[in-house]
Peer 1: 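Would you mind keeping the following structure in view while I ask a few things?
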Amino acid sequence: MEAEQILKSHLNLLHTTKMGAIRIQKNLRLTPKEDVVTYCKNKILDKKSLIYQQGKNWYCKIDQVIVTIHASSYTIITAHIVK
C-alpha cells in the first residue's frame with residue numbers, strides 16, 4: 001500500500017499530546033479554540049498534500065505547512081510553517 005493511503009486509512013488513530021497541541025497552535029498561529037488534530041487531518045486529506053514516510057515519521061507538506069507524525073503511534077509530533 002502506498003504511504004499516503006496507509007496514513008489516510010489510519011486517520012482515526014491520529015492524536016497529539018497536550019504539549020504537542022500547544023506547540024502546534026503556537027507554530028501555526030492557530031487560535032486556542034481551533035482543534036489541532038482536526039486541522040492536521042484536513043491538511044492530510046487535502047488533494048494537494050504531499051505525504052511521505054522517512055524513517056520513523058510521516059510528513060505531510062501542503063501550502064506552507066509541514067506536519068510531522070510518528071509512524072507507529074500516529075502521534076502528531078509537530079507542525080510548522082515553512083519560511
Peer 1: One pair to check against side-chain contact (heavy atoms from CB on, under 4.5 Å): Ile51 and Lys8. What are the steps and the verdict?
Peer 2: CA-CA 10 Å; Ile51 298 171; Lys8 287 181 178 182; 4.0 Å; yes

Peer 1: Going by atom types only, do Ser72 and His70 share a side-chain donor-acceptor pair under 3.5 Å?
Peer 2: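 Ser72 vs His70: donor-acceptor pair found between side chains.
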
Peer 1: With the side chain counted from C-beta on, respond yes when Ile81 and Asn27 share a heavy-atom pair under 4.5 Å apart, and no when they do not.
Peer 2: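 Ile81 does not reach Asn27 side chain to side chain.
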
Peer 1: Any side-chain heavy-atom pair from His80 and Ile24 closer than 4.5 angstrom?
Peer 2: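 A side-chain contact is absent here, since even the closest heavy-atom pair is not under 4.5 Å.
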
Peer 1: Below 4.5 Å, heavy atoms only, C-beta onward: do Ile69 and Ile44 meet side chain to side chain?
Peer 2: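 With C-beta onward as the side chain, the pair touches.
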
Peer 1: List the steps, then state whether side-chain contact (heavy atoms from CB on, under 4.5 Å) holds for Val37 with Ile76.
Peer 2: CA-CA 8 Å; Val37 175; Ile76 305 166; 4.2 Å; yes

Peer 1: Output the distance between atom CG (Leu45) and atom NZ (Lys43), rounded to the nearest 0.5 Å.
Peer 2: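 Answer rounded to 0.5 Å: 11.5 Å.
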
Peer 1: One pair to check against side-chain contact (heavy atoms from CB on, under 4.5 Å): Ile6 and Glu2. What are the steps and the verdict?
Peer 2: CA-CA 6 Å; Ile6 294 170; Glu2 195 176 316; over 6 Å; no

Peer 1: Tell me whether Val36 shares a hydrophobic cluster with Val65, the cluster being built from Ile, Leu, Val, Met, Phe, Trp, Tyr side chains joined at under 4.5 Å.
Peer 2: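 Both belong to a single hydrophobic cluster.
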
Peer 1: Hey, any chance Ile77 and Ile22 share a hydrophobic cluster, counting ILVMFWY side chains that come within less than 4.5 Å of each other, even indirectly?
Peer 2: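 Looking at the clustering, Ile22 is in a separate group from Ile77.
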
Peer 1: Between Ile62 and Val82, is there a shared hydrophobic cluster once you connect ILVMFWY residues whose side-chain heavy atoms come closer than 4.5 Å?
Peer 2: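 The answer is no; the residues belong to distinct hydrophobic clusters.
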
Peer 1: Does Lys41, at its NZ atom, have more than 12 non-hydrogen atoms belonging to other residues, nucleotides or ligands within less than 6.0 Å?
Peer 2: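 Counting neighbours around NZ of Lys41, more than 12 heavy atoms of other residues, nucleotides or ligands fall under 6.0 Å, so yes.
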
Peer 1: Can you tell if the side chain of Tyr52 reaches within under 4.5 Å of the side chain of Glu4, non-hydrogen atoms only?
Peer 2: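 The answer is no; the side chains never approach within 4.5 Å.
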
Peer 1: Measure the shortest side-chain to side-chain distance between Tyr74 and Leu7 over non-hydrogen atoms and say whether it is less than 4.5 angstrom.
Peer 2: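 Yes - at least one pair of side-chain heavy atoms lies under 4.5 Å apart.
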
Peer 1: For residues Trp58 and Thr68, determine if any side-chain heavy atom of one lies less than 4.5 Å from a side-chain heavy atom of the other.
Peer 2: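 They are not in contact (no side-chain heavy atoms under 4.5 Å apart), so the answer is no.
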
Peer 1: Tell me, do Thr31 and Gln25 make a side-chain contact under 4.5 Å, heavy atoms counted?
Peer 2: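 No, too far: nothing below the 4.5 Å cut-off.
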
Peer 1: Side-chain contact, heavy-atom cut-off 4.5 Å: Tyr39 with Leu28?
Peer 2: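 In contact.
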
